[in-house]
Amino acid sequence: MKEFDYIIIGGGCAGLSLAYELEIHEKLKNKTLAIIEPRPEYKRDKTWSFWKVVPHNFDDCVKKSWKNFSINVPGKTIHLECKNYPYQSIDSGLFYEKINNKLKENKNISFFKDISEISTKNSFIFNSVPNIKKNHLNLWQHFCGVEIRTKNDFFDEEIFNLMDFDCEQRESVHFFYTLPYSKNKALVETTWLSKMNDNSQKDYNKQIKDYINGHLGIKDYEIIYKEEGAIPLFYPLYEKEKNKINIGTAGGMTRLSTGYTFLNIQEHSKYLRKQIENISNSKRFEISKKYQFLDDIFLRVLNKNPERMSDIFFKMFKTPPKTVIKFLSNKSNFLEDLKIILKMPKWTFIKALFD
Ligand SMILES: Cc1cc2nc3c(=O)[nH]c(=O)nc-3n(C[C@H](O)[C@H](O)[C@H](O)COP(=O)(O)OP(=O)(O)OC[C@H]3O[C@@H](n4cnc5c(N)ncnc54)[C@H](O)[C@@H]3O)c2cc1C
């Protein structure tokens, strides 16, 4: 069976980001790489959005970028600016196409559908398939989004809505998210932070229809794209092995309080590319322990007090937007962390710490 220097298991966001990073820095000129990806074809299946706090390789895959956003809780709205760190949405279809076109040019890179087709004996493996044991106590961010085209111009394309909590909560944490791509096109997403141990929150089509018709007041529209998924708000199992590194969600790149993963994947890819000549001895790349600790407390509070979360998120955004954005994007300093922490209901968080 054929052997390769490197194997990437899973040609999704993390697998392809790493392969692209290695390829454009000429790390695959004299090395071979196998990418294992079972999907029959690549098509647009996700929209990756984030505040651009660091450069990345995919500005040409950005569908739209915004410098203003809003947050709603029943009866209250705040408008915020993010011109220093624009919010970008990446179209996964453009991302897959750009990377696959580039990788095709290198004869050292091969694609397979299943790992059993090649030998893994002497390879270094980058794995992006998470090992998740089913546990009904685990929290997930689960959601469904539709891109709609309205008959008449409706949206203000200069401002997106990050969270609208003015919707049914069902003893959980629920909000809508609206990204206006143009005056008559937007992604509208229903998002839940919950234990997901039954299907009672998964009537997504109805939730979205009611929100678009009732809340936004749009009657005449068509759905032109749909995405659905779930992000674990816990770290998948990660066993240390000498010739293997986990990447992507499997590698702990998801920020647990927010689900943001895309930019962490990009930073991880850069780190691995820099370490590639000495990869077996490289130190594990992690989201800093400070955020792991703070997110753990945050999720404990969320678990115990779902009814308070809309208010807690709203309060968090009463800090200058630059500070919150840096905090949510793992780039805040001690003073900025403190500003956020001081906005939180102290006793609720202290109690969660000792629970
Ligand atoms: C619908 C959706 C929207 C999201 N939106 C955002 C966002 O706005 N911002 C953000 O930062 N994050 C977002 N995320 C979170 C995160 O960025 C994505 O989940 C991202 O795709 C994670 O990358 P990954 O490579 O870890 O996983 P994936 O992109 O899922 O890649 C894993 C790959 O492994 C393949 N695979 C599965 N089983 C096997 C197997 N046995 N062998 C080999 N390959 C296998 C899959 O086909 C897939 O291609 C979103 C997630 C989802 C699901």
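Just follow the structure's listing: the first ligand is 1, and inside any ligand the first atom is 1.
Backbone and side-chain nitrogen or oxygen atoms of T261 are examined, and one is located within less than 3.5 angstrom of a nitrogen or oxygen of ligand 1. For ligand 1, the polar-atom distance check finds an N/O of T47 within less than 3.5 Å of one of the ligand's N/O atoms. Below 3.5 Å of separation, one finds no N or O of I231 facing any N or O of ligand 1. Some N or O of R39 is nearer than 3.5 Å to an N or O of ligand 1, by distance alone. Of the polar atoms of S128, none of the N or O atoms is found under 3.5 Å from an N or O of ligand 1, judged by distance alone. In terms of polar-atom proximity, defined here as any N/O pair under 3.5 Å, Y260 makes no such contact with ligand 1. Looking at ligand 1, you'll find an N or O of C13 within less than 3.5 Å of one of its N or O atoms. The N/O atoms of D45, backbone and side chain alike, include none that comes under 3.5 Å of an N/O atom in ligand 1.
Ring geometry for Y96 against Y42 counts as tilted: the plane angle lies between 30° and 60°, on a 0 to 90° scale. Using cut-offs of 30° and 60° for the angle between ring planes, the Y87 and W51 rings count as perpendicular. A tilted orientation is assigned to the rings of F298 and F349, their planes being inclined by 30° to 60°. Taking the six-membered ring where the residue is Trp, F69 and F160 present parallel rings, their angle staying beneath 30° rather than reaching 60°.
Shortest contact from atom 48 (C) of ligand 1 to any protein heavy atom: E37 OE1, 3.4 Å. Of all protein heavy atoms, the one lying nearest to atom 40 (C) of ligand 1 is V129 CG2, 3.8 Å. Among all protein heavy atoms, the one lying closest to atom 20 (C) of ligand 1 is W48 NE1, 3.5 Å. In terms of protein heavy-atom proximity, atom 8 (O) of ligand 1 is nearest to S49 N, 2.7 Å. Nearest protein heavy-atom neighbour of atom 34 (O) of ligand 1: G10 CA, 3.3 Å. Atom 1 (C) of ligand 1 has F143 CE1, 3.3 Å as its closest protein atom, hydrogens excluded (heavy atom only).
Those atoms of ligand 1 with a heavy atom of I9 less than 4.0 angstrom away are 42 (N), 43 (C). Listed by number with element, the atoms of ligand 1 under 4.0 angstrom from any heavy atom of I265 are 22 (C), 23 (O). Listed by number with element, the atoms of ligand 1 under 4.0 Å from a non-hydrogen atom of T249 are 22 (C), 26 (O). Remark: ligand 1 atoms within the under-4.0 Å shell around heavy atoms of K46 are 1 (C), 2 (C), 21 (O), 29 (O), 30 (O), 52 (C), 53 (C). Taking every heavy atom of G248 and a limit of under 4.0 angstrom, the matching atoms of ligand 1 come to 26 (O). For ligand 1, the atoms lying closer than 4.0 Å to a non-hydrogen atom of A14 are 23 (O), 24 (P), 25 (O).
Aromatic ring centres of Y211 and Y177: separated by at least 6.0 Å. Taking the centre of each ring, W48 and F95 come in below the 6.0 Å mark. Separation of the F50 and H56 ring centroids falls under the 6.0 Å cut-off. Taking the six-membered ring where the residue is Trp, the centroids of F175 and W192 are separated by 6.0 Å or more.
Looking at K183 and E158, no side-chain N of the basic residue comes within less than 4.0 Å of a carboxylate O on the acidic one, giving no salt bridge.
Between the side chain of D296 and the main chain of Q292, no donor-acceptor pair closer than 3.5 Å is present. A distance-only check finds a donor-acceptor pair linking the side chain of N161 to the backbone of S70 [under 3.5 Å].
The closest approach between F50 and ligand 1 stays at or above 4.0 Å for every heavy atom of the residue.
A donor and an acceptor atom, one from each side chain of S17 and Q266, are located under 3.5 Å apart.
Atom 27 (O) of ligand 1 is never approached by the protein to below 4.0 angstrom, counting heavy atoms only.
The side-chain tip of R273 does not point at the ring of F126 from less than 6.0 angstrom away and within 45° of straight on. A cation-pi contact, defined as under 6.0 Å to the ring centre and within 45° of the axis, is absent between R149 and Y225.
When S17, P38, G12, S89 are ranked by how near their heavy atoms come to atom 44 (N) of ligand 1, first place goes to P38.
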